[in-house]
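Structure record follows, encoded as structure tokens.
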Amino acid sequence: MNVHLEKIVPPEKDNSGKIVQLTDKTLEERRKKILDAMNRENLDTLIIYNDLEHAGNFSYLTGFVTRFEEGLLVLHRTGKAYLILGNENTKMVNYSRIPARLIHTPFFSLPDQPMEGEVPLTEVFKKAEVTVKSNVGLVGWKMFTGQTVNNRQLFDLPNYIVSAIQAVVTEGKIENWTDLFIHAEYGARAINNANEIAHYEFGSSLASDCVLDALAEVAVGKTELEIADKLVRYGQLPNIVPIAATGERFENAYIFPRNKAITLGDKMSITTGFKGGLASRSGYAVTSAAELPEGQQDYLEKVAEPYFRAVVTWLENIEIGKKGKEIYQVIDEVLPKNNYHWELNPGHLTSDEEWMSSPIKVDSEIKIQSGMLFQIDIIPSVPGYAGASCESGVAFADSTLRQQIQQEYPELWSRITKRQNYIRSVLNINLPESVLPLSSGVAYYAPFFLQLDCAMVKG
């Protein structure tokens, strides 16, 4: 496959500025998925943890996160639910998308806040109807797959919570069942309906627009801080640490944008992400290969072109029904891991969090399914050169789901078809009908940040 740098018209930013709310029907579908899974696995109770960094499984049912506090959702197979919340989140029981009873627990509040009403956590769980004989599934945010020990006995909830549950449940089972939510094959969150895709498209397209704006700000003499100012918008909380890095990163162990100025020839990285998707670009602050640092002027041939060839291969080959291992193998063929040193999965599921799980693994039998949300996440690492990245998000939809999106969200469908046409007609990529770009920046890769109308195309 031939790819090359060509003068093109960059994609138009197209975030709608309107968040599509999750419907009551969608929340009831989510609740039913989880209750059905509990029945299938003979689980009496799920105890679902959240804090600001690890809230996806909790908010999947409740619709909210507890921001700066911890919280638990205790869900019984009967459908009865309890919300265990700290001082500053007790009011959220009134807004929860799943009907639940409140149990106020000062343990989940911030340090040195009032502890009125404090009782041992064991009593809290008893009040939430967790019993001696309950079969309990604990849900954090990891499945601990690939471990040599029994992964259902590894828990990523705080020990003070786990030990209290263990003190109550002395005859039943206590196991890690996070996979009921996030497993790529059967997890409830792996498949999204039309409403959920419309909801998540907002964050994915917003991230892309922010990155396109940040790229347009890149100029010699500007600072990382000035570039990073474009990476957050509308008061939306990023689900990653935004990146605007020029030259060498992590000096003095500092991971955030700095007041460091861009110089000609700097390698650069720009990334942001919101609920629903991430956008990332890596390249150089130059207008052409002639301005690349000495010894790196073959960057296009060594890194950028092989990387973009892999992105094109991914988009043209990842069809509904294909197994994860097939996608892994085809990427390893076009961008050999031994030569390009990518270490992570070449593609993963996304949701509220940037990385939820992945069916794309070396031996994965898991099939790509309609309703999955993916990040095109292939990260080459070639010593002596900058990285390469045009990471963005896509959804997969069969004809039935595509028709639902078109009928229920015509404005979204118009954006999707315009993006598909750009990828096919401008970038020359044979994009399958089932691949729905969740932003206008999908596959747009301009490795020279001072010349954004020159991008990689197929052919």
Side-chain angles (χ1 to χ4, degrees), residues 1-8 10 208 211-212 214-215 218 220 227 243-250 262-271 278-318 327-348 360 375-392 423 427-429 441-459:
M1 179 197 304
N2 292 321
V3 299
H4 66 280
L5 200 62
E6 184 174 297
K7 195 173 185 65
I8 65 166
S208 179
V211 165
L212 292 175
L215 285 169
V218 173
V220 172
I227 306 305
I243 299 169
T246 189
E248 295 302 321
R249 293 178 63 188
F250 309 126
I262 299 167
T263 61
L264 187 66
D266 274 358
K267 55 186 178 181
M268 286 198 69
S269 297
I270 295 175
T271 305
L278 170 146
S280 180
R281 296 296 184 274
S282 295
Y284 285 88
V286 297
T287 60
S288 68
E291 295 174 339
L292 290 167
E294 185 177 351
Q296 300 174 49
Q297 294 185 343
D298 58 350
Y299 169 72
L300 288 179
E301 297 82 3
K302 287 284 189 179
V303 183
E305 289 175 0
Y307 165 75
F308 187 70
R309 194 174 294 116
V311 171
V312 173
T313 300
W314 195 98
L315 283 168
E316 292 186 341
N317 284 273
I318 187 165
I327 307 304
Y328 187 99
Q329 290 164 3
V330 76
I331 296 303
D332 197 24
E333 289 171 6
V334 72
L335 192 74
K337 185 176 182 178
N338 288 339
N339 298 334
Y340 292 93
H341 311 292
W342 45 271
E343 299 295 337
L344 306 179
N345 312 55
H348 59 83
I360 302 180
Q375 286 291 130
I376 311 169
D377 192 359
I378 308 168
I379 309 175
S381 178
V382 181
Y385 297 88
S389 174
C390 63
E391 183 178 353
S392 298
I423 292 169
L427 304 181
N428 302 326
I429 297 172
V442 171
Y444 166 67
Y445 176 43
F448 300 153
F449 286 5
L450 301 181
Q451 194 69 43
L452 298 178
D453 59 353
C454 283
M456 300 299 301
V457 300
K458 179 187 173 185

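The residues of the chain are indexed from 1 along the displayed sequence.
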task: Could you walk me through whether R281 and S269 pass side-chain contact (heavy atoms from CB on, under 4.5 Å), step by step?
output: CA-CA 6 Å; R281 296 296 184 274; S269 297; over 6 Å; no
task: Determine, stepwise, if the pair L427 / V312 fulfils side-chain contact (heavy atoms from CB on, under 4.5 Å).
output: CA-CA 9 Å; L427 304 181; V312 173; over 6 Å; no
field: From CA spacing to verdict: side-chain contact (heavy atoms from CB on, under 4.5 Å), Y444, L212
entry: CA-CA 10 Å; Y444 166 67; L212 292 175; 3.8 Å; yes
message: Between Y445 and V311, does the side-chain contact (heavy atoms from CB on, under 4.5 Å) criterion hold? Intermediate values first, please.
response: CA-CA 10 Å; Y445 176 43; V311 171; over 6 Å; no
Test ring pair (Phe, Tyr, Trp, His ring centres under 6.0 Å) applied to Y307 and W314, step by step: CA-CA 11 Å; Y307 165 75; W314 195 98; over 10 Å; no
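Summarising the geometry of Y299 relative to S282, their closest heavy-atom pair is OH-O, 4.0 Å, with the distance given to 0.1 Å. Between A386 and G283 the shortest heavy-atom distance is CB-O, 3.8 Å. Taking each heavy atom of G441 and S392 in turn, the nearest pair found is O-OG, 3.7 Å. Across all their heavy atoms, M268 and A285 have their closest contact at SD-CB, 3.9 Å. The minimum heavy-atom distance between A388 and V303, with the atom names listed, is CB-CG1, 3.8 Å. The nearest pair of heavy atoms linking A446 to C454 is CB-O, 3.4 Å.
Note that NZ of K337 and CD1 of I331 are 13.0 Å apart. Values are rounded to the nearest 0.5 Å. Atom CG of residue D332 and atom CD1 of residue I327 lie 13.0 Å apart, to the nearest 0.5 angstrom. Rounding to the nearest 0.5 Å places CD of E6 at 10.0 Å from CE of M456. A distance of 6.0 Å separates OH in Y340 from CG in L335, rounded to the nearest 0.5 Å. Within the model, atoms CG of L450 and CD1 of I262 stand 8.0 Å from one another, a figure rounded to the nearest 0.5 Å. Between the CG atom in L315 and the CD1 atom in I376 there is a gap of 4.0 Å [rounded to 0.5 Å].
Checking I243, T246, I227 one by one against I270, the side chain to side chain contact (heavy atoms under 4.5 Å, CB included) holds for a single residue, I227.
With E391 contributing its side chain and Q375 its backbone, the two residues share no donor-acceptor pair below 3.5 Å. Judged by distance alone, the side chain of R309 and the main-chain N or O of V334 form no donor-acceptor pair under 3.5 Å. In terms of modelled atom types and a separation under 3.5 Å, the side chain of H348 and the main chain of P346 share no donor-acceptor contact. Side chain of Q297 to backbone of A290: a donor-acceptor contact under 3.5 angstrom is found. With hydrogens and angles disregarded, a donor-acceptor distance shorter than 3.5 Å links the side chain of E291 to the backbone of T287.
Remark: F448 pairs with no residue by the ring-ring contact (aromatic ring centres under 6.0 Å, His included) rule, at least two apart or across chains.
If you check the side chains of N345 and Y328, you find no donor sitting under 3.5 Å from an acceptor. Between the side chains of T271 and S280, at least one donor N or O lies within less than 3.5 Å of an accepting N or O. A side-chain donor-acceptor contact under 3.5 Å links Q451 and D453.
Side-chain contact check for Y385 versus P380: every heavy-atom pair is 4.5 Å or farther apart. Between K267 and P293, the closest side-chain pair of non-hydrogen atoms is not below 4.5 Å. Side chains of I429 and E316 form a contact here, defined as non-hydrogen atoms less than 4.5 Å apart. For the pair L300 and L292, the minimum side-chain heavy-atom distance is 4.5 Å or more. Between D377 and W342, the closest side-chain pair of non-hydrogen atoms is not below 4.5 Å.
Within a 6.0 Å sphere centred on CD of E248, heavy atoms belonging to other residues, nucleotides or ligands number 12 at most.
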